[in-house]
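Written out below as structure tokens is the structure these notes cover.
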Amino acid sequence: MKEEKLPVWDLSEFYESVDDVNIDKDLQAYEKKAKNFCKKYKGRVKDLTIDEYLSAFKDLESLKRIAGKLGGFAHLNATTNMLDTKATALYQKVEEKLSEAGTNLVFWSLEYNKLSEKKQDELLKKIPQYAPYLKRMKKYKKYELSEEVEQILLQKDITSGSAWVRFYEESMSRLEYEVDGKKYNDAEISKLCTSKDEETRLKAGRELNKVTRDNAYMISYCYNMIMKDKAIDDEKRGFETPISARNLAEEVSDETVNCLADTVKENYKNIAWRFYKIKAHLMGKEKIHYWDRNAPLNIEDDREYSWKESVDMVLNAYKEFSPKLYKIAKDFFENDWIDVAPKKGKRSGAFCSSPLVKGHPFLMLNFVGQKRDVLTLAHELGHGCHHQLRRNNGELNERTRMTTEEVASVFGEMLVFQSMLKKAVSENEKIALLVMKINDMINTAIRQIAFHFFEKRAHDERKMGEVSHERLSQIWMEEMKESLGPDVVVDDSVDYIWGGIGHFFFLPFYVYAYSFADCVVNSLYWLKMQNKIENFEDKYLELLSKTAIGDYDDIFKEFGVNPKDKDFWQGGLNLIDYYLNELEKLVYNK
């Protein structure tokens with residue numbers, strides 16, 4: 001990558017450093033406000049006037065802002081300094097203090113859910129600006145426990161589930177990998193796994209798997225504790241299956257998610273198997289290795305993109321789609337809202353974090369100048385723009401619903417890909433782009449569902465007792481072989497890769513949200529390609545503004561699609577089939 005100064009985010013708008021005295025002042029303020037809230041409203045929720053409800057909501061919003069500022073700084077600072085004990089200690093301290101003070105707020109939703117249906121309906125009519133928040137509280141009524149138990153669970157979380165997640169993440173960030181005598185961190189070794197050189201890919205992949213296998217006892221123990229902790233919580237609350245709690249948070253039924261997963265699984269052969277056969281042909285092989293799946297083709301240029309080039313490509317694609325979206329996006333590059341380069345102690349991968357509803361998001365990347373890094377930028381920028389479009393929803397109404405969180409990000413990638421494809425001149429360039437995009441779509445729509453089935457099986461078996469790392473690896477291998485098909489070699493160089501997939505640990509059953517969003521985006525983009533929706537761009541931005549406060553039926557109504565319908569999911573997968581057909585025409589000269 002060309003030498004250039006890469007942006008680093010500036011967290012001073014929160015606090016100057018981990019030693020900032022205002023951190024303790026805000027922690028004390030949060031504790032005091034939480035106690036006062038409890039003293040003022042506990043035991044009185046059923047008798048409050050409308051004005052008192054409004055006052056209580058303002059107090060809750062104030063508490064949420066303080067917690068967002070504290071938690072946001074502690075988390076963002078720690079993710080780029082995971083080897084700094086002061087940074088990680090602050091993160092733990094903030095988590096503990098907020099959790100402890102938060103026990104004073106537990107009574108609120110419990111007392112609200114004891115109100116009569118008539119009283120709740122009356123509140124919805126008189127204070128409609130808080131309707132999404134009130135409706136969401138009501139959905140959890142069936143699964144709430146006593147105030148005493150809720151307080152205990154909240155306090156214990158920092159030494160149980162959350163503690164194991166923290167231990168896992170910090171332990172993984174400390175691992176080192178060695179290829180040809182050179183040391184790498186996890187972000188760097190992952191990049192080597194997509195090298196154009198086959199031997200480098202295989203060495204990096206084997207090393208990644210070996211180090212994970214060497215730490216399998218620690219990793220599987222963490223996973224078992226996280227699964228058991230979740231199972232206890234699920235059982236006490238009355239959730240029917242391990243995935244039910246996640247589905248409630250996403251506001252989708254178990255049946256809808258099963259429909260998505262089953263529909264995708266039915267398409268393994270027509271999409272994933274078919275694609276990897278084509279890729280093997282393009283690579284001149286009878287079969288490709290697992291570590292060849294994301295490999296660039298020899299016909300693909302291996303140029304590196306500068307940060308400026310990448311920014312220009314992404315912003316131009318956004319602008320071509322919608323000047324309004326472009327205007328929102330460019331703010332991220334005119335301010336210190338992005339942390340770009342990989343470094344030792346920095347968490348791998350990429351994410352967008354929005355600590356404050358009325359504030360701006362922060363993007364974290366591990367940019368090294370590959371073409372995929374350009375698309376990752378487009379992806380995370382999509383998240384950032386999505387948040388900016390939702391800033392006026394209200395602090396209590398706003399929340400994260402993973403299934404729609406990924407819509408804007410995946411759509412952002414699609415915009416940049418289409419821009420690249422339009423500008424492609426040679427046949428080889430078009431083939432390389434189509435292979436890259438189809439590969440990414442399979443990783444999102446198909447592979448994440450294979451992850452989903454791994455999680456389901458792991459959590460189901462955990463009910464019977466601790467699941468050994470050998471058994472987890474066996475389940476992993478079975479799901480990988482079934483989803484990838486006969487033209488991909490899945491051997492013992494990949495049997496412990498499950499241990500490095502963080503979503504299994506810090507957000508169980510999150511993975512299906514990627515497939516959900518990919519199919520949504522594909523369906524929407526297919527409608528755009530066919531010019532079936534008037535004013536598509538404006539309607540799309542309007543959809544994004546409502547994803548946290550609207551029901552699925554409402555937000556997709558303008559597009560004439562229904563997520564409850566199996567044909568909806570198949571429609572999303574049909575776009576991948578369309579690209580596969582285009583690829584086959586180019587490859588086989590059909």
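Bear in mind that the values here come from a model prediction, so they are computed numbers and not experimental data.
A search for salt bridge (charged side-chain N to carboxylate O under 4.0 Å, His left out) contacts involving Glu479 returns Arg457, not counting sequence neighbours. Annotation: salt bridge (charged side-chain N to carboxylate O under 4.0 Å, His left out) contacts of Arg246 (sequence neighbours excluded): Glu250. Not counting sequence neighbours, the partners of Phe417 by the ring-ring contact (aromatic ring centres under 6.0 Å, His included) test are Tyr579. Remark: Asp460 engages Lys463 in a salt bridge (charged side-chain N to carboxylate O under 4.0 Å, His left out) (not counting sequence neighbours). Applying the ring-ring contact (aromatic ring centres under 6.0 Å, His included) rule to Phe167 yields no partners; only residues at least two apart in sequence or on another chain are considered. Tyr177 meets the ring-ring contact (aromatic ring centres under 6.0 Å, His included) test with no other residue; sequence neighbours excluded. Taking the ring-ring contact (aromatic ring centres under 6.0 Å, His included) definition, one finds that Phe509 meets it with His459, sequence neighbours left out. With sequence neighbours excluded, no residue satisfies salt bridge (charged side-chain N to carboxylate O under 4.0 Å, His left out) with Lys343.
Side chains of Lys230 and Met225 form no contact here, defined as non-hydrogen atoms less than 4.5 Å apart. Between Thr194 and Arg201 the shortest side-chain heavy-atom distance does not fall below 4.5 Å. Contact of the Arg447 side chain with the Arg293 side chain is registered, since non-hydrogen atoms from C-beta on lie closer than 4.5 Å. Proximity of Trp569 to Ser515: side-chain heavy atoms (C-beta onward) are nowhere separated by under 4.5 Å. Taking 4.5 Å as the limit, some side-chain heavy atom of Leu76 sits within range of a side-chain heavy atom of Ser353. Gln448 places none of its side-chain heavy atoms less than 4.5 Å from the side chain of Glu406. No side-chain heavy atom of Asn215 sits under 4.5 Å from any side-chain heavy atom of Lys210. Between Trp307 and Leu365 the shortest side-chain heavy-atom distance falls below 4.5 Å.
Among pairs with a residue in residues 433-442, those fulfilling side chain to side chain donor-acceptor pair (under 3.5 Å) read Asn294-Asn439, Arg372-Asp440, at least two apart in sequence or across chains. Judged as a salt bridge (Lys or Arg N to Asp or Glu O under 4.0 Å), the pairs with a partner in residues 464-473 (not counting sequence neighbours) are, in order, Glu461-Arg471. Residue pairs meeting the ring pair (Phe, Tyr, Trp, His ring centres under 6.0 Å) criterion with at least one partner in residues 254-282, sequence neighbours excluded, are His281-Tyr588. Applying the ring pair (Phe, Tyr, Trp, His ring centres under 6.0 Å) test to every pair with at least one member in residues 225-252, sequence neighbours left out, gives these pairs: Tyr143-Phe239.
Judged by the 6.0 Å distance and 45° axis criteria, Lys371 is not positioned over the aromatic ring of Tyr305.
Electrostatic pairing of Glu207 and Lys203 does not count as a salt bridge here, judged by no charged N lying under 4.0 Å from a carboxylate O.
Ring geometry, Phe454 versus Trp476: the interplanar angle exceeds 60°, so the pair is classed perpendicular (tilted spans 30 to 60°). Between Tyr512 and Phe516, the two ring planes are tilted [angle within 30° to 60°].
In terms of modelled atom types and a separation under 3.5 Å, the side chain of Gln92 and the main chain of Ala89 share no donor-acceptor contact. Between the side chain of Asp292 and the backbone N or O of Ala295 there is no donor-acceptor pair closer than 3.5 Å.
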